[in-house]
Amino acid sequence: MSMIEFHDVQKYYGDYHALRNINLTIDAGETVVLIGPSGSGKSTLIRTINGLERIEEGQLIVNGQDLANKKTDMNRIRKNVGMVFQHFNLYANKTILENIMLAPRIVLKKDEAANKKLAMDLLDRVGLADQASKMPAQLSGGQQQRIAIARSLAMEPKALLFDEPTSALDPEMIDDVLNVMKDIARDSSMTMLVVTHEMGFAREVANRVIFMADGQILEDDSKETFFDGQ
Ligand code: ADP
Ligand code: ADP
């Protein structure tokens, strides 16, 4: 079953042609790594998937819904497709636990006890169960990013998009974040699209590697073909 489908998609910023004729299908459960030079359109591409950027031409179908259709409910798309940013964007004046519980409570109207249990389970999963009552500023960047991932998972999305999730981190924190992401990738039900320079991540858990340049997809290979040239 396909989770994300681009058909002849074009995206412009004014006169600048940022996505050039993108055709791409990502099936449910795939882990896809997107690489390419700075400015090649990677961030733009993943931001179109949850409607942070609009497309001008073509068709973009996410979880069975056509994003070009004005009637499409973007809130429903964002419930199903989470996003993790380079800068973690935690709510600075809320505790770690509250950061995770807020959206499920408001958007999903989740029962408070079940919400808290899931939040604590997720904190445990990202190795930060002992930090629940802290404020974001009390945590390191790597810890904050793991909280941001837990917060996305709390919405129980079908797909997660990652936009350079480790590039703002000090080197010694990168592995802790990558290990959490690898753990999610190995849970085969989650669809993941990851913009990253971390080739070790791609080698270990991706099934596909896509290379973009100048707003185009130039390579779309299985991991085996990409790394071994077979
Ligand atoms: P990447 O993620 O590969 O670095 P981006 O998708 O961020 O690339 O950017 C692709 C190109 O589009 C770049 O030239 C960038 O400057 C431009 N761009 C990105 N966002 C905007 C915007 N909101 N307005 C105008 N140009 C933009
Ligand atoms: P990051 O690398 O953290 O994603 P960027 O500097 O690429 O941050 O972009 C930050 C914001 O500025 C994004 O919302 C992006 O769309 C916008 N942006 C990027 N390039 C341009 C540009 N050339 N003109 C206008 N906005 C841009």
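Every number for a ligand or one of its atoms is a count from 1 in the order of the listing. Side-chain atoms are counted along with the backbone in the values below, which use heavy atoms only and exclude waters and symmetry mates.
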Inset, instruction - Below 4.0 angstrom from a heavy atom of T44, which ligand 1 atoms are there? Numbered from 1 as shown, please. - result: 5 (P), 6 (O), 9 (O)
Inset, instruction - Would you please say whether a donor-acceptor pair under 3.5 Å links the side chains of E30 and N207? - result: yes
Inset, instruction - Run through H7, E5, R208 and flag the one making a side chain to side chain contact (heavy atoms under 4.5 Å, CB included) with L24. - result: R208
Legend entry - ligand 1 contacted by P37 (non-hydrogen, < 4.0 Å): yes
Legend entry - Atom indices of ligand 1, in the order listed, that fall short of 4.0 Å to a heavy atom of S40: 1 (P), 3 (O), 8 (O)
Inset, instruction - Check whether the side chains of D8 and Q59 place a donor and an acceptor atom closer than 3.5 Å, and report yes or no. - result: no
Inset, instruction - Indicate yes or no: does K117 engage D121 in a salt bridge with an N to O separation below 4.0 Å. - result: yes
Legend entry - Heteroatom distance test (A18, ligand 1): nitrogen or oxygen, under 3.5 angstrom: no
Legend entry - E156/K110 ion pair, N-O < 4.0 Å: yes
Inset, instruction - Decide whether the shortest distance between a heavy atom of G36 and an atom of ligand 1 is less than 4.0 Å. - result: no
